[in-house]
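These notes concern the structure reproduced below.
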Amino acid sequence: MKVSKPRVKDVKILKSGLKHAQIQIDGSYFSRREGITFSQTGFIGFGGGFSDVNVQPILKAFVNGPIMLLKSQGSLGQ
């Protein structure tokens, strides 16, 4: 799986804040499926079309991605 190329309509920000944002995923037999979706209500959706097993890489990336980024910038202790 890999992240789909972002489109302008994938993110909508209003003066009052985020309306919605989505990260979509491409695979060997599909394209543009939900990876992570952020809604205006605060709901965060993960891999809506994926099974419990196939959504695991998305969940791990959501949890570990920011930690890895902070470590690479030296902002978080090793």
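Both backbone and side-chain heavy atoms feed into the values below; hydrogens, waters and symmetry mates do not.
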message: With clusters defined by side-chain heavy atoms of hydrophobic residues (ILVMFWY) lying less than 4.5 Å apart, directly or transitively, does V11 cluster with F43?
response: no

In short, P57 meets M1 closest at the heavy-atom pair CG-CE, 4.0 Å

CD1 of I36 to CD1 of I58, rounded to nearest 0.5 Å, is 7.0 Å

Rounding to 0.5 Å, atoms CG (L18) and OG (S39) come to a distance of 8.0 Å

Query raised in the report: Looking only at atom types and distance, does a side-chain atom of S4 sit under 3.5 Å from a main-chain N or O of Q24, one as donor and one as acceptor?
Result: yes

Looking only at heavy atoms, the pair that brings G35 and I25 closest together is CA-CG1, 3.5 Å

Sorted by chain and number, sequence neighbours left out, side-chain contact (heavy atoms from CB on, under 4.5 Å) with S16 holds for L14

Sorted by chain and residue number, the side-chain contact (heavy atoms from CB on, under 4.5 Å) partners of S28 (sequence neighbours excluded) come out as none

Residues 10-23 vs salt bridge (Lys or Arg N to Asp or Glu O under 4.0 Å), sequence neighbours excluded, gives R7-D10, D10-R32

The complete set of ring-ring contact (aromatic ring centres under 6.0 Å, His included) pairs with one or both residues in residues 1-37, sequence neighbours excluded, reads F30-F50

With a 3.5 Å cut-off and sequence neighbours excluded, list the donor-acceptor pairs that the side chains of residues 60-70 form with protein atoms.
residue: N64; atom: ND2; partner: K60; partner atom: O; Å: 3.4

